[in-house]
Number of protein chains: 2
Amino acid sequence: MNYSRQRELILKVLKETPIHPTADEIYSALKKYLPNISLATVYRNLNQLALNGEIKKIENLETCAHFDHNIHKHHHFICIKCNKIYDIPQEVSKDIEKKVSSLTGLQVTGHNISFQGICNACQHKKTTL
Amino acid sequence: MNYSRQRELILKVLKETPIHPTADEIYSALKKYLPNISLATVYRNLNQLALNGEIKKIENLETCAHFDHNIHKHHHFICIKCNKIYDIPQEVSKDIEKKVSSLTGLQVTGHNISFQGICNACQHKKTTL
DNA sequence: ACAATAATAACAATCATTATCATTTTTTGC
DNA sequence: GCAAAAAATGATAATGATTGTTATTATTGT
């Protein structure tokens, strides 16, 4: 990665804000200093910085919503090989909301966990297709 | 909610599949029975059914990616009032991956938790604006 | 059977994000 | 310091998931 003024400023803006801005928020903040910057440049650099491990991209693996006939609370596991979603009983995280509350003072009304990994089917698949 | 053939079939398809399909996957499956069904109808019904509590919509509260200069592992808390994102130390969920592994046999390589609730600032705000 | 109401299909519109590509900036070897 | 090579940029088109619009069709209570 070579130097670029826009990348330097993107990093600066991100490091100076306590919130976790979206690409668009960074873009807006940058316009003061670089009125001609393109939103695509912001996206490009954020993705590159994240790939490089210099920043972290917070997103969910699921690119679109999924629907579930199981309406009792539970968590999900997404297989990184086949992308299938499996149910995880929510008992694995009981008490976690209380833990967060007492640690932070935040009023926690819910949580959900997505686990990633390799499902049983994919574990047993031959690696060579 | 009145009866409709398409809604009935949407529910049927959803109840019969063990995976957690996307709207588009349900749409494709339905085309066999209702060749003229519209994708918008599938979306509309899934959302209504989810509002009614008959099914569950799995999605994340964050509609778009956020970027974080804090690259050590941690979880996030999103305030349902102001939408701000706060960091939660990941120690609150240590051992949870092992728990899931031994319970299910899945090979868990990671997890992330998003907590929802009301942040300290919003807790102290007057409810009447 | 019929008017009132709700749901539909088709398609335009939106939002976040990525791809394309000609132009500009940065690096590098001399 | 300077020209060629490599990388990054800005403008904009394209994409994918989802929602809005509207004229048409189905459902319901009477």
Side-chain angles (χ1 to χ4, degrees), chain A residues 1-14 17 19-52 54-68 76 78 83-85 114, chain B residues 1-14 17 19-52 54-68 76 78 83-85 114:
Chain A
M1 252 206 302
N2 284 335
Y3 167 88
S4 95
R5 191 158 137 61
Q6 12 286 89
R7 179 153 50 236
E8 188 176 61
L9 280 168
I10 287 167
L11 248 181
K12 187 166 165 351
V13 165
L14 189 56
T17 181
I19 72 164
H20 302 64
T22 62
D24 201 66
E25 285 168 338
I26 295 173
Y27 172 65
S28 299
L30 274 174
K31 278 205 160 169
K32 278 180 247 163
Y33 309 106
L34 297 168
N36 291 332
I37 195 168
S38 164
L39 181 56
T41 301
V42 176
Y43 272 104
R44 231 181 336 220
N45 280 302
L46 287 170
N47 283 331
Q48 254 181 294
L49 289 164
L51 266 176
N52 247 39
E54 294 190 54
I55 65 173
K56 219 179 157 216
K57 187 174 184 175
I58 311 167
E59 59 176 345
N60 62 344
L61 291 182
E62 305 152 70
T63 58
C64 54
H66 290 254
F67 295 87
D68 192 345
H76 291 107
I78 308 170
N83 283 311
K84 283 212 190 77
I85 299 182
S114 56
Chain B
M1 253 206 298
N2 284 337
Y3 168 87
S4 94
R5 191 158 135 63
Q6 13 286 90
R7 181 153 49 235
E8 188 177 61
L9 280 168
I10 287 167
L11 249 180
K12 188 167 164 350
V13 165
L14 189 55
T17 181
I19 73 162
H20 302 66
T22 63
D24 203 65
E25 286 167 338
I26 295 174
Y27 172 65
S28 299
L30 275 174
K31 276 206 161 168
K32 278 180 246 161
Y33 310 106
L34 297 168
N36 291 331
I37 195 169
S38 163
L39 179 55
T41 299
V42 177
Y43 271 106
R44 223 172 317 130
N45 280 303
L46 288 170
N47 283 332
Q48 254 181 294
L49 289 165
L51 267 176
N52 249 39
E54 294 189 54
I55 64 172
K56 217 174 160 222
K57 186 174 184 176
I58 311 168
E59 59 177 346
N60 62 345
L61 290 182
E62 304 151 69
T63 58
C64 54
H66 291 255
F67 295 87
D68 193 344
H76 290 108
I78 308 172
N83 284 311
K84 283 212 190 78
I85 299 180
S114 55

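First the proteins, then the strands, lettered A, B, ... as listed; each starts at 1.
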Side chain of [X] (C-beta onward), nearest among [options]:
X: A:Ser38; options: D:dG10, D:dT18, C:dA10; result: D:dG10
X: B:Arg7; options: D:dT27, C:dT27, C:dA7; result: C:dA7
X: B:Tyr43; options: D:dA8, D:dT19, C:dA7; result: D:dT19
X: A:Gln48; options: D:dA8, D:dT18, C:dT17; result: D:dA8
X: B:Asn2; options: C:dA7, C:dT8, C:dA10; result: C:dA7
X: A:Met1; options: C:dA10, D:dA8, D:dT12; result: D:dA8

Write down the distance between [atom1] ([X]) and [atom2] ([N]), rounded to a whole number of angstrom.
X: A:Tyr27; N: C:dC15; atom1: OH; atom2: C1'; result: 15 Å
X: B:Leu39; N: C:dA10; atom1: CG; atom2: P; result: 12 Å
X: B:Asn36; N: D:dA23; atom1: CG; atom2: P; result: 20 Å
X: A:Tyr3; N: C:dT28; atom1: OH; atom2: P; result: 15 Å
X: A:Ile26; N: C:dT17; atom1: CD1; atom2: P; result: 11 Å
X: B:Ile10; N: C:dA7; atom1: CD1; atom2: P; result: 12 Å
X: B:Leu34; N: D:dT25; atom1: CG; atom2: P; result: 17 Å
X: B:Leu51; N: C:dA6; atom1: CG; atom2: P; result: 16 Å

Contact class for [X] (heavy atom, under 4.0 Å): base, sugar-phosphate, or nothing?
X: B:Asn47; answer: sugar-phosphate
X: A:Ala65; answer: sugar-phosphate
X: A:Ile37; answer: sugar-phosphate

Minimum heavy-atom separation for [X] and [Y], please, with both atom names.
X: A:Glu8; Y: A:Tyr3; result: OE1-OH, 3.3 Å
X: B:Ile55; Y: B:Leu46; result: CD1-O, 3.6 Å
X: A:Arg7; Y: A:Gln48; result: NH1-OE1, 3.7 Å

Should the side chain of A:Arg44 and the base of D:dG10 be counted as holding a donor-acceptor pair, with the cut-off at 3.5 Å?
yes
Less than 4.0 angstrom between a side-chain N/O of [X] and OP1 or OP2 of [N], yes or no?
X: A:Gln6; N: D:dG10; answer: yes
X: A:Thr41; N: D:dG10; answer: yes
X: A:Ser4; N: D:dT9; answer: yes

Can you name the one residue among B:Thr41, B:Val42, B:Leu39 that meets side-chain contact (heavy atoms from CB on, under 4.5 Å) with B:Leu30?
B:Val42
Within a strict 4.5 Å, meaning less than it, do heavy atoms of the A:Val13 and A:Glu25 side chains meet?
no
Heavy-atom donor-acceptor pair, B:His66 side chain to A:His20 backbone, under 3.5 Å
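Yes, B:His66 side chain to A:His20 backbone: donor-acceptor pair under 3.5 Å.
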Does A:Lys57 or B:Pro35 map to a spot on DNA chain C nearer the 5' end, using the closest nucleotide for each?
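The answer here is B:Pro35.
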